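Notes for the one structure printed next.
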Amino acid sequence: MIGNLTVHITVLEQLMDINAYFQRIGYEGAHTPTLETLRALHRAHMLAVPFENLDIHLGRPIRLDKESLFDKLVRRRRGGFCYEQNGLFALVLRELGFEVTLMEARVTSADGSFGIPFDHLALRVQLEERWLVDVGFGDSFLEPLRLDTPREQYQNGSCYLVAHDGVQGVYSRCDEKGELQPEYQFFLQPRELSDFLLACDYHQTSPDSPFTNKRVCSLATPQGRITLSDYRLIVRENGSRSERLLGGEDEITEILGTHFGVTL
């Protein structure tokens, strides 16, 4: 009887966490592990949880254990970068019964080379088809992409391509000229979240990391995207782009609260 009670309490605690997550992203849909649920959750997460590296510039360590991920992104309504966002999303999807695999990825550099090992965390979800899932890359697709369809896929006026040879592949996106540009290389070998700890530490401490050089907070919107990049506020809406220079830290604090729901 005690054993059954313990299991029941554990399940309740998990459901309470899941429900808190649903409230965090404003999701009121089905909980069944279907493609429709996956698409809806992915979109809701992208529209609610900002991609941001603000803790790095505040000297706060980023931790990847389950409690820390839920506390930061759900309870404190913060955002995060790839390890945090996709780490949390994988936990949520698994609780709902999805088959989720963590994949190592390496982001394309300005010179066309790829980044360090475990540079980025992406997800693979197995349904009737396999899907590339990624809520932690910032400006990216709002809904999952087919992993095994080597032709262009279209969402919200943008085109994407996912191609692989069964071992490794490349995710690409069309630029403003309509030409496909590689965004990151990914590897299909299954990984654990602990495999990304060294890279996570690198990205929050190394002067060579793009995350230590500039503050970023960016969120998808139904019309486009809004981004805080150091002292610049960039708004893309229905194909147009505007940018303005912010006055200082007080205005940044106000912008973070007003546009991103972030309180530091």
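Everything numeric in this text was worked out from a predicted model, so none of it was measured.
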In short, salt bridge (Lys or Arg N to Asp or Glu O under 4.0 Å) pairs touching residues 218-230 with sequence neighbours left out are Asp139-Arg225
Please answer whether the main-chain N or O of Gly79 pairs with a side-chain N or O of Glu52 as donor and acceptor at a distance below 3.5 Å.
yes
By side chain to side chain donor-acceptor pair (under 3.5 Å), Arg24 pairs with (sequence neighbours left out) none
For Gln223, the side chain to side chain donor-acceptor pair (under 3.5 Å) test, sequence neighbours excluded, returns none
Here the salt bridge (Lys or Arg N to Asp or Glu O under 4.0 Å) pairs for residues 80-91, sequence neighbours left out, are Lys72-Glu84
Those residues at least two apart in sequence (or on a different chain) that pass side chain to side chain donor-acceptor pair (under 3.5 Å) with Asp208 are none
Contacts of Glu243 meeting salt bridge (charged side-chain N to carboxylate O under 4.0 Å, His left out) (sequence neighbours excluded), chain-then-number -> Arg232, Arg241
Residue pairs passing the salt bridge (Lys or Arg N to Asp or Glu O under 4.0 Å) test with at least one member in residues 144-164, sequence neighbours excluded, are Glu129-Arg146, Arg130-Asp148
Taken in chain and number order and not counting sequence neighbours, the residues that satisfy side chain to side chain donor-acceptor pair (under 3.5 Å) with Asn86 are Asp134
- Taking the six-membered ring for Trp, are the ring centroids of Tyr21 and Tyr27 within less than 6.0 Å of each other? no
Could you pull out every donor-acceptor pair under 3.5 Å between side chains of residues 188-202 and any protein atom, sequence neighbours left out?
unit_1, atom_1, unit_2, atom_2, d
Gln189, OE1, Arg191, NH2, 3.4
Asp195, OD2, Glu192, N, 2.9

For residues 22-64, the disulfide (SG to SG under 2.5 Å) pairs (sequence neighbours left out) are none
So ring pair (Phe, Tyr, Trp, His ring centres under 6.0 Å) across residues 208-233, not counting sequence neighbours, yields Phe81-Phe211, His203-Phe211
So disulfide (SG to SG under 2.5 Å) across residues 73-167, not counting sequence neighbours, yields Cys159-Cys174
Tightest non-hydrogen contact, residues Asn19 and His31, listed as OD1-CE1, 4.3 Å
